[in-house]
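These figures come from a predicted structure and were not determined experimentally.
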Amino acid sequence: MTNDEKREAYRELRLQVDGLAAVGADPIAAMANVAAAVHAAVPYSSWTGFYRVVAPGLLRVGPFQGPVACVDIPFERGVCGAAARSGETQVVADVEAFEGHVACDSAARSEIVVPVKDAAGTVRAVLDLDSHSAAAFNDVDREELEKLVHRIAPTITPV
Ligand code: SME
């Protein structure tokens, strides 16, 4: 996909997600629909979903689309842990070169993880997309997914 095609797909996704967000305030329901909408909009994503912070320093798999995934990821591990720990989006062009990458799907080649923060800046969850293509995610994905996550963040309250 070209960057222009990505932008257009994300623009449509934003409109769709704005409609979903209006539906209700249940965080699991919101994450489920957002994961489905993002997965459908991003054809190069092989796995799209959320890991929620369920205890201090611990992520647990939440609503997702794609193959069965690892359940628990401590903040010290993986790309998801790095995003949760730092509060910064992680774009990984080659997961094999990422120290501590958690390989839930051996066919995964690249990954992007965006932290979902509450109004106080505390990380409540992360949105993770994997791809079977190397370097599938770039600054367009980062910018657009950060925008998207910012819109849904108020819904992602602790369960
Ligand atoms: N690869 C991730 C783990 C989650 S799965 O990809 C679904 C990581 O290193 O954090």
Side-chain angles (χ1 to χ4, degrees), residues 6-7 9-92 95 98 100-105 108 110-131 136-137 139-159:
K6 283 188 177 189
R7 294 260 187 222
Y10 281 117
R11 197 187 62 79
E12 285 173 21
L13 174 63
R14 259 201 312 281
L15 295 174
Q16 195 186 0
V17 166
D18 281 350
L20 295 174
V23 168
D26 182 305
I28 300 287
M31 284 188 270
N33 267 339
V34 169
V38 175
H39 196 65
V42 182
Y44 42 95
S45 181
S46 53
W47 192 96
T48 308
F50 291 89
Y51 277 84
R52 296 186 301 125
V53 179
V54 292
L58 183 64
L59 293 163
R60 179 162 297 148
V61 73
F64 69 92
Q65 300 271 311
V68 167
C70 315
V71 175
D72 284 347
I73 303 180
F75 275 28
E76 307 81 62
R77 296 203 50 221
V79 186
C80 290
R85 204 166 62 231
S86 65
E88 301 287 337
T89 298
Q90 306 291 308
V91 181
V92 178
V95 292
F98 188 96
H101 169 250
V102 178
C104 301
D105 171 6
S110 61
E111 180 161 2
I112 184 168
V113 184
V114 182
V116 183
K117 298 178 195 171
D118 65 15
T122 304
V123 175
R124 295 289 180 203
V126 299
L127 173 62
D128 179 15
L129 279 71
D130 290 353
S131 180
F137 306 104
D139 281 344
V140 172
D141 299 278
R142 175 205 292 267
E143 201 184 294
E144 296 286 349
L145 289 170
E146 284 180 349
K147 255 192 267 181
L148 186 82
V149 158
H150 189 71
R151 284 163 121 95
I152 62 158
T155 317
I156 314 302
T157 49
V159 180

Least distance between heavy atoms, [X] atom then [Y] atom:
X      : Y      : result
Ala37  : Val17  : CB-CG2, 4.3 Å
Val61  : Ala69  : CG2-CB, 4.2 Å
Ser110 : Ala136 : OG-N, 3.1 Å
Val159 : Pro27  : CG2-CG, 3.9 Å

Distance in Å, [X] [atom1] paired with [Y] [atom2], rounded so as to fall on 0.5 Å steps:
X      : Y      : atom1 : atom2 : value
Arg151 : Leu20  : CZ    : CG    : 12.0 Å
Leu13  : His39  : CG    : NE2   : 12.5 Å
Asp118 : Thr155 : CG    : OG1   : 12.5 Å
Arg124 : Leu59  : CZ    : CG    : 12.5 Å
Ile28  : Ile156 : CD1   : CD1   : 8.5 Å
Leu148 : Glu143 : CG    : CD    : 12.5 Å

Quiz item: Under 4.0 Å between a Lys/Arg side-chain N and an Asp/Glu carboxylate O for Arg14 and Glu144?
Solution: yes
Got [X] and [Y] here, is their nearest side-chain heavy-atom distance under 4.5 Å?
X      : Y      : value
Leu129 : Val42  : yes
Tyr51  : Asp128 : yes
Arg142 : Asp139 : yes

Donor-acceptor contact below 3.5 Å, side chain [X] vs main chain [Y]:
X      : Y      : result
Lys117 : Gly87  : yes
Arg85  : Phe75  : yes
Ser46  : Asp130 : yes

Exercise. Evaluate side-chain contact (heavy atoms from CB on, under 4.5 Å) for Val113 paired with Thr89, printing each intermediate quantity in order.
Key: CA-CA 6 Å; Val113 184; Thr89 298; over 6 Å; no
Quiz item: Is the Phe137 to Tyr44 ring centre distance short of 6.0 Å?
Solution: yes
Quiz item: Can you list the residues that meet the salt bridge (Lys or Arg N to Asp or Glu O under 4.0 Å) rule with Glu88, with sequence neighbours excluded?
Solution: none
Quiz item: Which residue pairs pass the salt bridge (charged side-chain N to carboxylate O under 4.0 Å, His left out) test with at least one member in residues 37-62, sequence neighbours excluded?
Solution: Arg60-Asp72
What pairs of donor and acceptor atoms, side-chain ones from residues 76-83 against any protein atom, are under 3.5 angstrom apart with sequence neighbours left out?
none

